[in-house]
Amino acid sequence: MGARPLMRAVVVGGGVAGLVAARRLAIEGSAVVLLEASDRLGGRVAATRVGGVTVDAGAESFAVRGGAVRALIDELGLGGAVQEPSGSAWVALPDRTVPLPVGGLLGIPSSPLATDVVRVLDARGALRAYADRVRPVLKRGRYDRLGPLVRERMGARVLDRLVASVVVNVYGADPDEVPVDAIAPGLNGAITTAGSLSGAVLQLRAAAPPGAAAQGLAGGVHRLVEALEADLRGRGVEVRTGTPVLGVHPAPFGGLLTVSTAREDLQADRVVLAAEGAAALDLLSDAAPGLGRMPRPAPAVSRAVLLLVEDRRLDDAPRGTGVLRAPITTGVRASAVTHLTAKWPELGARAGRGRHLLRLSYRGGDAVPDATVVADATALLGLDGLHLAAREDVVWTDTAPALAPETIAVRRALAGAALPDGLAVAGSWVAGTGLASVVAAAERAARPGAS
């Protein structure tokens with residue numbers, strides 16, 4: 001008998017999801033081709049330079065939950081570069097700027113009467129939040145949306161000052177629109193067993209691994225993309241950039257799938273569709289025609305303004321690792337500022353004493369004048385007269401935000417659709433926001449039997 005021919009796999013999309021899926025397929029024994037429409041790999045994990053310092057332009061940390069990212073980092077030989085953030089974030093309220101409470105989940109406090117919670121809510125708001133402990137709990141059914149859940153259990157002050165500050169700024173979503181199970185899996189069940197929302201948060205945090213909830217890499221998270229690309233090439237994966245995919249559909253013979261490009265049609269036993277949201281939905285039109293008739297999510301555009309600031313007053317990290325602006329706070333256009341060189345001491349050492357990297361986040365892609373950026377940084381960090389030495393802007397467009405109602409509806413329809421054998425879907429629009437979700441889902445999509 002002759003040797004069994006290699007399974008052929010095609011991965012569409014060269015972001016982190018596609019890179020991880022291609023690696024897993026190669027490990028499982030497939031001959032893999034990865035197709036990326038743009039001229040670079042990595043998607044929203046990328047690097048840029050500001051004032052001569054290399055810094056992450058996109059994701060600069062990853063959640064430790066589940067362990068998928070850390071396992072990947074260790075396998076790629078980057079385990080020694082893992083670092084934990086130094087300090088914690090603050091929140092800008094209409095009347096004061098104070099540290100975010102520790103021990104919460106999505107801003108929901110586990111101990112409503114803790115000193116750091118009272119500092120944000122004041123005594124009356126904290127007592128209202130504590131009333132959650134004595135309110136009856138649903139024994140049947142589930143809470144649907146996060147905002148109404150928090151408002152009912154703990155009051156509007158917790159929602160407006162804490163939860164919205166995290167969910168709007170970190171996840172780009174409206175708490176009143178986000179399904180609880182989409183943003184906090186397990187929370188509904190924990191509420192029933194713990195008897196309160198705060199008790200549920202405490203229960204979920206107790207089940208999480210010890211240590212920081214997020215970690216980074218010395219030199220930047222973008223090193224993950226470089227390591228993945230080198231790993232793929234070492235495994236014989238054919239990586240093609242500048243190669244848009246025109247269609248994915250079942251071949252008319254042999255139970256194969258056809259991936260069409262302008263250059264050729266590729267026949268494959270396995271296809272992992274890891275393109276960004278809008279492109280993925282277009283390519284699914286043949287395999288799952290019903291998705292094409294569903295409302296599409298509105299793209300979310302954001303601008304990251306990276307600044308190099310020369311000011312020794314920032315050496316002491318006056319507001320921790322940065323500040324989230326509560327949506328109820330006006331007078332500042334930026335939604336958040338991250339003090340990168342305080343958050344990551346290794347980056348601070350590379351920048352040099354007295355030189356600080358800040359990242360300001362803005363919704364929308366419109367240009368922001370220097371004067372506005374400096375005024376926003378000044379207001380959020382509580383320092384006057386900051387000296388701007390260099391600036392770099394990065395605009396990101398998410399064509400299918402993971403927590404948008406339309407994306408969630410499409411995702412649910414996709415889960416019930418009968419995709420052709422061998423076709424699986426990955427990426428943040430189906431997996432959820434953040435590297436922890438993306439990496440774990442891409443690993444699953446690439447394993448035998450995934451579809």
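Everything quoted here is computed from the prediction, not taken from an experiment.
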Using a strict cut-off of less than 4.0 Å between a Lys/Arg side-chain nitrogen and an Asp/Glu carboxylate oxygen, indicate whether [X] and [Y] qualify as a salt bridge.
X: Arg312; Y: Asp315; answer: yes
X: Asp122; Y: Arg161; answer: no
X: Arg333; Y: Asp376; answer: no
X: Arg145; Y: Asp176; answer: no

To the nearest 0.5 angstrom, please state how far the [atom1] atom of [X] sits from the [atom2] atom of [Y].
X: Arg128; Y: Arg153; atom1: CZ; atom2: CZ; answer: 8.5 Å
X: Leu358; Y: Asp311; atom1: CG; atom2: CG; answer: 9.5 Å
X: Glu75; Y: Leu228; atom1: CD; atom2: CG; answer: 10.0 Å
X: Glu177; Y: Asp144; atom1: CD; atom2: CG; answer: 10.0 Å
X: Leu380; Y: Leu360; atom1: CG; atom2: CG; answer: 7.0 Å
X: Arg391; Y: Leu308; atom1: CZ; atom2: CG; answer: 13.5 Å

Side chains of [X] and [Y]: closer than 4.5 Å at any heavy-atom pair?
X: Leu25; Y: Arg270; answer: yes
X: Leu100; Y: Ser88; answer: no
X: Leu324; Y: Ser335; answer: no
X: Arg313; Y: Leu386; answer: yes
X: Arg296; Y: Asp282; answer: yes
X: Arg240; Y: Glu36; answer: no
X: Arg24; Y: Val20; answer: no
X: Arg233; Y: Val239; answer: yes

Quick check: does any side chain N or O of [X] sit under 3.5 Å from a backbone N or O of [Y], one acting as donor and the other as acceptor?
X: Thr399; Y: Ala278; value: yes
X: Arg70; Y: Val64; value: no
X: Arg303; Y: Gly364; value: no
X: Glu310; Y: Ala389; value: no
X: Arg411; Y: Ala402; value: yes
X: Thr407; Y: Pro401; value: yes
X: Glu229; Y: Leu232; value: no
X: Asp132; Y: Leu197; value: yes
X: Thr378; Y: Val374; value: yes
X: Arg359; Y: Gly58; value: yes

Assess, by modelled atom type and distance only, whether the side chains of [X] and [Y] contain a donor and an acceptor separated by less than 3.5 Å.
X: Ser61; Y: Gln215; result: no
X: Thr241; Y: Asp39; result: no
X: Thr321; Y: His339; result: no

Derivation and outcome, side chain to side chain contact (heavy atoms under 4.5 Å, CB included), residues Val410 and Trp429: CA-CA 10 Å; Val410 169; Trp429 73 277; 3.9 Å; yes

Step by step, would you call Leu357 with Leu307 a side chain to side chain contact (heavy atoms under 4.5 Å, CB included)? CA-CA 6 Å; Leu357 285 162; Leu307 304 179; over 6 Å; no

Restricting to non-hydrogen atoms, name the atom on [X] and the atom on [Y] that form the minimum distance, rounded to 0.1 Å.
X: Arg65; Y: Ser437; answer: NH2-OG, 2.9 Å
X: Thr329; Y: Pro94; answer: OG1-N, 3.2 Å
X: Ala194; Y: Ala200; answer: CB-N, 3.6 Å
X: Asp74; Y: Gly79; answer: OD1-CA, 3.3 Å
X: Leu284; Y: Val425; answer: CD2-CG2, 4.2 Å
X: Ser165; Y: Asp160; answer: OG-O, 4.1 Å

Please tabulate, one pair per line, all N/O donor-acceptor pairs under 3.5 Å involving side-chain atoms of residues 105-121, not counting sequence neighbours.
unit_1, atom_1, unit_2, atom_2, d
Ser110, OG, Gly103, O, 2.5
Asp116, OD2, Val102, N, 3.0

Tell me which pairs pass side-chain hydrogen bond (donor to acceptor under 3.5 Å, both in side chains) where either residue lies in residues 342-355, with sequence neighbours left out. Glu60-Lys343, Glu60-Trp344, Glu346-Arg350

Qualifying side-chain hydrogen bond (donor to acceptor under 3.5 Å, both in side chains) pairs with a residue from residues 50-59, counting only residues at least two apart or across chains: Arg49-Thr54, Asp56-His222

Below 3.5 Å, can you tabulate the donor-acceptor pairs from side chains in residues 180-187 to any protein atom, sequence neighbours excluded?
unit_1, atom_1, unit_2, atom_2, d
Asp181, OD1, Arg142, NH2, 3.4
Asp181, OD1, Asn188, ND2, 3.1
Asp181, OD2, Arg142, NE, 3.3

Does Arg40 CZ have over 12 foreign heavy atoms under 6.0 Å away? yes

Just wondering, are more than 12 heavy atoms of other shown residues or ligands nearer than 6.0 Å to CZ in Arg124?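 No.
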
Could you check Asp231 against Leu19 for side chain to side chain contact (heavy atoms under 4.5 Å, CB included), going step by step and ending with a plain yes or no? CA-CA 10 Å; Asp231 185 272; Leu19 296 173; over 6 Å; no

Residues two or more places apart in sequence or in another chain: which of them pass side chain to side chain contact (heavy atoms under 4.5 Å, CB included) with Ala227?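 For Ala227 the side chain to side chain contact (heavy atoms under 4.5 Å, CB included) partners, ignoring immediate neighbours, are Leu76, Leu78.
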
What do the steps show when you test Val237 against Val33 for side chain to side chain contact (heavy atoms under 4.5 Å, CB included), and what is the final call? CA-CA 6 Å; Val237 174; Val33 179; over 6 Å; no

Taking only residues at least two apart or on different chains, which pairs with a member in residues 359-403 satisfy ring-ring contact (aromatic ring centres under 6.0 Å, His included)? none

